[in-house]
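Throughout, a chain's letter reflects where its sequence line sits, starting with A, and its residues are numbered from 1. Worth saying up front: this structure is predicted, and the values here are computed from it rather than measured.
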There are 2 protein chains.
Amino acid sequence: MSTSPKPLLQRQTVTAMVAEYIAAKIIGGDYPGGHQIRQEAIAAELGVSRIPVREALLQLEAEGLVVIRTHRGAVVSDLSADDAIDLFDARLLLEPFLVKKAIARMSNQDIANAERALQDYEAAIARGDPKELSRLNWAFHTALLEPSMRPRSMAVLQTLYSSADRYLRLQIEPLKAQTKALQEHRDIFEAYRLRDAVETSRLLKKHVADAAEEIVSQLKRGEAAG
Amino acid sequence: MSTSPKPLLQRQTVTAMVAEYIAAKIIGGDYPGGHQIRQEAIAAELGVSRIPVREALLQLEAEGLVVIRTHRGAVVSDLSADDAIDLFDARLLLEPFLVKKAIARMSNQDIANAERALQDYEAAIARGDPKELSRLNWAFHTALLEPSMRPRSMAVLQTLYSSADRYLRLQIEPLKAQTKALQEHRDIFEAYRLRDAVETSRLLKKHVADAAEEIVSQLKRGEAAG
DNA sequence: GAATGAAATATTGGATACGATCGCCCGATA
DNA sequence: TATCGGGCGATCGTATCCAATATTTCATTC
């Protein structure tokens, strides 16, 4: 099953394109926390009307990337150590749990999918495009968890991840973090391949916890420094 | 703080009203799973244009109450035993965790708030209005968890809960479930008041697990029967 | 000079209007 | 008779336009 869930000829809607555009700006740091997003400005920038912009902003609000206040527009949500803790703690609960459920149900095809995702991530490190790396990193996590057949939990994680991504992009030494992540991914996959649920869950938890630790401590240094 | 979180002079937006209206229909079971929601029909029903209806539907999609497909409109999401398991497992991870964090930070005022929520729920059982009971049940859970200061996790739970509510409304013997819940709420609050994080977490977990068990077994009976 | 209050402006929320897509019906063809 | 293709109505996606709200500017008063 699920060889490639993405339709090849996607009938893309303007709203979806706008949402992707703004999300990329936020995640990439072009729109920092606190930045006011003006509907008219985005609309003009992309040559569309304000309607799809508003609908895109509603979706981004649900993802936690912006905060919308009535008659006052959308503002990019702030990053903070507290928020990162909130976010990563939720991931730390969900991901290790889901990977156990996934292993209990997964087919050999699912294992092959995860392996492929691992290889894609590895191959991308050399190229070093942060957006691409982020996508493939998340693709690996998704591949591990997808066989759990928990669409609702996966949707929650999807939204958590897009915010987590903002923090990952702030890292001072991305290459170092990526290399560390790659090795951890390899270890996780090895346990996964052997269907060792307990070990996979443990390694995945540590993987996420280490990344969280790194990010939170960096943020706290930044907040202390002002 | 927070005696009455609803602003007295509510500057309610049409979109919010429409979202509330449709959500109530779905949660109350008036719109069952699979029901097609026509933008024009809702708009005419409420005497508004399609714009706020569309925006409301986007919010409901983020809450998991409807599924929107491009050019094909919104459909009320289906209920199933698998979905209920997905949903309640996520709650089972998050709530016991958050209540521990809450106890570590809570003030006496927070305890008083929880006690008030408990009393409100108790008082409402006699009246038996399901919508009101559902609201107060959730208010109690929220009061317990709110001091954790985890807005992101709370937002996730909020969306999970609105779907969980659909299942709760299906229960065959609501009064029995509510009475059981009330006793459990009392026990949870007692441990909470004493700041016993481990015991509160344990009781809360069991409270949610029991409700989940009841709902899932009922659903499975229904699915088996066809 | 700071505070108050009333226009003027900027921006969002919502309504109307139009073009595009989907689904169904029905006839043509093999 | 079953399948394919075209037209038609229903519905959605988006643009344009108007109304309501928020913010800024600026004169006035103490």
Side-chain angles (χ1 to χ4, degrees), chain A residues 6-26 30-78, chain B residues 6-26 30-78:
Chain A
K6 52 181 63 169
L8 292 181
L9 196 49
Q10 186 129 8
R11 194 160 299 290
Q12 183 93 314
T13 179
V14 174
T15 298
M17 282 170 33
V18 174
E20 221 173 296
Y21 174 83
I22 301 176
K25 291 280 193 187
I26 295 173
D30 298 328
Y31 298 165
H35 175 83
Q36 266 272 11
I37 298 180
R38 297 294 178 197
Q39 300 173 4
E40 185 61 47
I42 303 287
E45 223 167 307
L46 300 180
V48 300
S49 82
R50 277 172 45 228
I51 297 288
V53 175
R54 290 179 44 177
E55 298 192 346
L57 288 172
L58 279 175
Q59 294 178 197
L60 299 185
E61 185 186 34
E63 286 188 57
L65 293 178
V66 306
V67 176
I68 298 178
R69 288 200 308 165
T70 303
H71 288 294
R72 237 162 291 184
V75 174
V76 177
S77 58
D78 281 317
Chain B
K6 53 181 63 172
L8 292 180
L9 195 48
Q10 187 128 8
R11 197 158 298 289
Q12 183 94 315
T13 180
V14 174
T15 298
M17 282 169 31
V18 174
E20 222 174 296
Y21 174 82
I22 301 176
K25 291 281 193 188
I26 295 174
D30 298 330
Y31 297 165
H35 175 82
Q36 265 272 11
I37 299 180
R38 297 295 178 196
Q39 301 173 3
E40 185 60 47
I42 303 287
E45 224 167 307
L46 301 180
V48 300
S49 82
R50 277 171 45 226
I51 297 288
V53 175
R54 289 175 53 87
E55 299 190 346
L57 288 172
L58 280 175
Q59 294 177 199
L60 299 185
E61 185 186 34
E63 287 188 56
L65 293 178
V66 306
V67 176
I68 298 178
R69 288 200 307 165
T70 303
H71 287 294
R72 238 161 291 184
V75 174
V76 177
S77 58
D78 281 317

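- Separating the CD atom of B/Gln12 from the P atom of C/dG13 is a distance of 13 Å, rounded to the nearest angstrom.
- Separating the CD1 atom of A/Ile51 from the P atom of C/dT16 is a distance of 13 Å, rounded to the nearest angstrom.
- Residue B/Thr15 places at least one side-chain N or O closer than 4.0 Å to OP1 or OP2 of C/dG14.
- B/Ile37 comes within 4.0 angstrom of the backbone, heavy atoms only, and of no base.
- The minimum heavy-atom distance linking B/Ala74 with B/Ile68 is given by the pair CB-CG1, 3.9 Å.
- Here B/Gln39 does not reach the OP1 or OP2 of D/dA10: none of its side-chain N or O atoms lies under 4.0 Å away.
- Atom C1' of nucleotide C/dT11 and atom CG of A/Leu57 are separated by 13 Å, given to the nearest angstrom.
- Put simply, NE2 on B/His71 is 7 Å from C1' on D/dC12, counting in whole angstrom units.
- Distance alone, capped at 3.5 Å, is enough to place a donor-acceptor pair between the A/Ser77 side chain and the A/Leu65 backbone.
- Side-chain contact between A/Glu55 and A/Ile51: present, with at least one pair of heavy atoms (C-beta onward) separated by less than 4.5 Å.
- An OP1 or OP2 oxygen of C/dT21 is reached within less than 4.0 angstrom by no side-chain nitrogen or oxygen of B/Thr70.
- One can place CD1 of A/Ile68 at 7 Å from P of C/dG13, the figure rounded to the nearest angstrom.
- Between B/Arg54 and B/Leu57 there is no side-chain heavy-atom pair separated by less than 4.5 Å.
- At the phosphate of C/dT11, neither OP1 nor OP2 sits under 4.0 Å from any side-chain N or O atom of A/Gln36.
- Interface residues of residues 41-49 of chain A facing DNA chain C, ordered by number: none; criterion, heavy-atom separation under 4.0 Å.
- Across the protein-nucleic acid pair, A/Glu55 atom CD and C/dG13 atom P stand 13 Å apart, rounded to whole Å.
- Between A/Arg72 and C/dT12, a side-chain N or O to OP1/OP2 separation shorter than 4.0 Å is absent.
- Using a 4.5 Å heavy-atom cutoff, the side chains of A/Ile42 and A/Ile22 are in contact.
- The nearest heavy atom of DNA chain D to A/Arg50 and to A/Arg69 marks one nucleotide each, and the one closer to the 5' end goes with A/Arg50.
- In this structure, the CG atom of A/Leu58 is 15 Å from the C1' atom of D/dG13, given to the nearest Å.
- Distance, A/Glu61 CD to C/dT12 P: 14 Å, rounded to whole Å.
- No side-chain heavy atom of A/His35 sits less than 4.5 Å from a side-chain heavy atom of A/Lys25.
- Here the closest heavy-atom approach between residue B/Glu61 and residue B/Val67 is recorded as OE2-C, 4.5 Å.
- Here B/Arg38 does not reach the OP1 or OP2 of D/dA10: none of its side-chain N or O atoms lies under 4.0 Å away.
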